[in-house]
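What follows is a short report on a single structure.
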Amino acid sequence: MPSPMELALIEAEAAAAMGEVPVGAVLVDGSTGALIAAAGNRVESLNDPTAHAEMLVLREAAAHRKSPRLEDCDLYVTLEPCAMCAAAISFARVRRLYFGAYDPKGGAVEHGARFFDLATCHHKPELYGGIDEARASALLKDFFARRR
C-alpha cells in the first residue's frame with residue numbers, strides 16, 4: 001500500500017496530466033490510517049478558483065463524515081498550502097498537516113502570512129514540511145517549464 005504522501009503525489013501527477021497545477025492531497029484517519037479522501041487540483045477543469053486539492057479533500061471528507069470538523073484526521077499535500085487552504089485546514093481542525101514542497105511565493109504556512117501563527121487563528125495543526133520535497137518540487141518545476 002502506498003504511503004499517504006505517495007498517494008498525494010499520484011494525485012498531483014494526474015492533475016498535471018489534465019493541465020492543472022500538479023498539487024495533490026489526501027486526508028486520512030489519524031488513528032487507523034484509512035484513506036478518507038484524495039484529489040488533485042481542479043481549478044481549470046471546474047472553473048473554480050477554490051478547487052485546490054486541499055479544499056476538495058476537506059469538502060469530500062466533511063460530507064462523508066457529515067461534520068465540518070475533522071479533528072482526528074491528517075492531511076498530506078504536495079505543496080505548502082496557500083492562505084485560503086490554511087484557513088480551511090484550521091476551520092476543519094485537522095490534526096496534522098504534512099506537506100512536500102515549500103512555497104516561498106504563495107505558501108502561507110512557513111512563508112507569507114504564516115497563517116497558523118496569527119493571533120486570529122483558532123486551531124493550529126501539528127506541522128511537518130519537506131516530506132518527499134524533491135519529488136513534489138520536481139513535479140512543479142517540470143510542469144511550469146513545459147508551459148513556458
Side-chain angles (χ1 to χ4, degrees), residues 1-16 20-141 143-144:
M1 169 95 180
S3 72
M5 186 56 81
E6 175 67 24
L7 292 172
L9 287 159
I10 291 167
E11 290 291 336
E13 289 167 348
E20 299 279 355
V21 174
V23 177
V26 300
L27 193 77
V28 300
D29 182 299
S31 6
T32 67
L35 179 67
I36 299 169
N41 273 0
R42 297 289 180 270
V43 171
E44 301 299 327
S45 59
L46 296 176
N47 296 309
D48 179 356
T50 70
H52 291 195
E54 303 96 307
M55 300 294 286
L56 296 173
V57 298
L58 292 173
R59 287 179 190 142
E60 183 180 336
H64 173 75
R65 291 219 164 161
K66 296 178 178 38
S67 173
R69 287 170 211 66
L70 305 168
E71 294 140 333
D72 61 340
C73 296
D74 298 337
L75 178 64
Y76 292 78
V77 62
T78 59
L79 181 64
E80 176 183 352
C82 70
M84 172 184 68
C85 293
I89 291 163
S90 176
F91 292 146
R93 294 181 179 87
V94 169
R95 182 176 77 159
R96 293 185 186 118
L97 168 62
Y98 299 87
F99 65 89
Y102 290 87
D103 187 358
K105 185 176 178 185
V109 175
E110 298 287 336
H111 296 90
R114 296 182 185 263
F115 185 85
F116 299 124
D117 293 334
L118 297 175
T120 54
C121 178
H122 298 292
H123 170 77
K124 178 179 182 175
E126 290 179 35
L127 300 172
Y128 303 93
I131 311 297
D132 216 344
E133 179 181 8
R135 184 168 167 204
S137 213
L139 273 173
L140 290 157
K141 286 177 186 168
F143 176 82
F144 287 112

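Both backbone and side-chain heavy atoms feed into the values below; hydrogens, waters and symmetry mates do not.
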Summary of salt bridge (charged side-chain N to carboxylate O under 4.0 Å, His left out) pairs that have at least one residue in residues 34-48, sequence neighbours excluded: none
Close side-chain approach of Asn41 and Pro22, heavy atoms under 4.5 Å: no
Side-chain heavy-atom pair Pro4, Asp74 within 4.5 angstrom cut-off: no
Phe91, CZ atom: more than 12 neighbouring heavy atoms under 6.0 Å: no
Contacts of Arg59 that satisfy side-chain hydrogen bond (donor to acceptor under 3.5 Å, both in side chains) - sequence neighbours left out: Thr50
Selection residues 79-90 - residue pairs positive for salt bridge (charged side-chain N to carboxylate O under 4.0 Å, His left out), sequence neighbours left out: none
Side-chain heavy-atom pair Ser90, Phe115 within 4.5 angstrom cut-off: yes
Euclidean distance, Asp29 CG relative to Ile36 CD1, rounded to 0.5 Å: 5.0 Å
Beyond-backbone contact of Phe116 with Leu97, side-chain heavy atoms, under 4.5 angstrom: yes
Cys85 side chain near Met55 side chain, heavy-atom distance below 4.5 Å: yes
Nearest heavy-atom neighbours spanning His52 and Val43: CD2-CG2, 3.7 Å
Met5 side chain near Thr78 side chain, heavy-atom distance below 4.5 Å: yes
Salt bridge (charged side-chain N to carboxylate O under 4.0 Å, His left out) contacts in which one or both residues fall within residues 109-127, not counting sequence neighbours: Arg96-Glu126, Asp117-Lys124
Trace of the side chain to side chain contact (heavy atoms under 4.5 Å, CB included) decision for Val26 with Val57: CA-CA 6 Å; Val26 300; Val57 298; 5.7 Å; no
Trace of the side chain to side chain contact (heavy atoms under 4.5 Å, CB included) decision for Ile131 with Tyr76: CA-CA 9 Å; Ile131 311 297; Tyr76 292 78; 5.5 Å; no
Test item: Asp103 side-chain N/O and Leu79 main-chain N/O as donor-acceptor pair under 3.5 Å: no
Residue pair Val109 / Tyr102, side-chain heavy-atom distance below 4.5 Å: no
Shortest non-hydrogen separation from Ala39 to Leu56 and the atoms involved: CB-CB, 3.8 Å
Minimal non-hydrogen separation, Gly40 against Ala53, with atom names: C-CB, 3.8 Å
Side-chain donor or acceptor of His123 paired with backbone N/O of Ala92 under 3.5 Å: no
Contacts of type salt bridge (charged side-chain N to carboxylate O under 4.0 Å, His left out), residue Glu6, not counting sequence neighbours: Arg135
By salt bridge (charged side-chain N to carboxylate O under 4.0 Å, His left out) - contacts of Glu133 (at least two apart): none
Considering all heavy atoms, the nearest Ala108-Cys82 contact: CB-C, 3.6 Å
Distance-minimising heavy-atom pair for Ala37 and Leu35: O-CD1, 3.5 Å
Exercise: identify the closest heavy-atom pair between Ala25 and Leu75: CB-CD1, 4.2 Å
Test applied, side-chain hydrogen bond (donor to acceptor under 3.5 Å, both in side chains); reference residue, Asp72; option that passes from Arg93, Arg65, Arg95: Arg65
Spatial distance of atom SG (Cys73) from atom CD1 (Ile89) [nearest 0.5 Å]: 12.0 Å
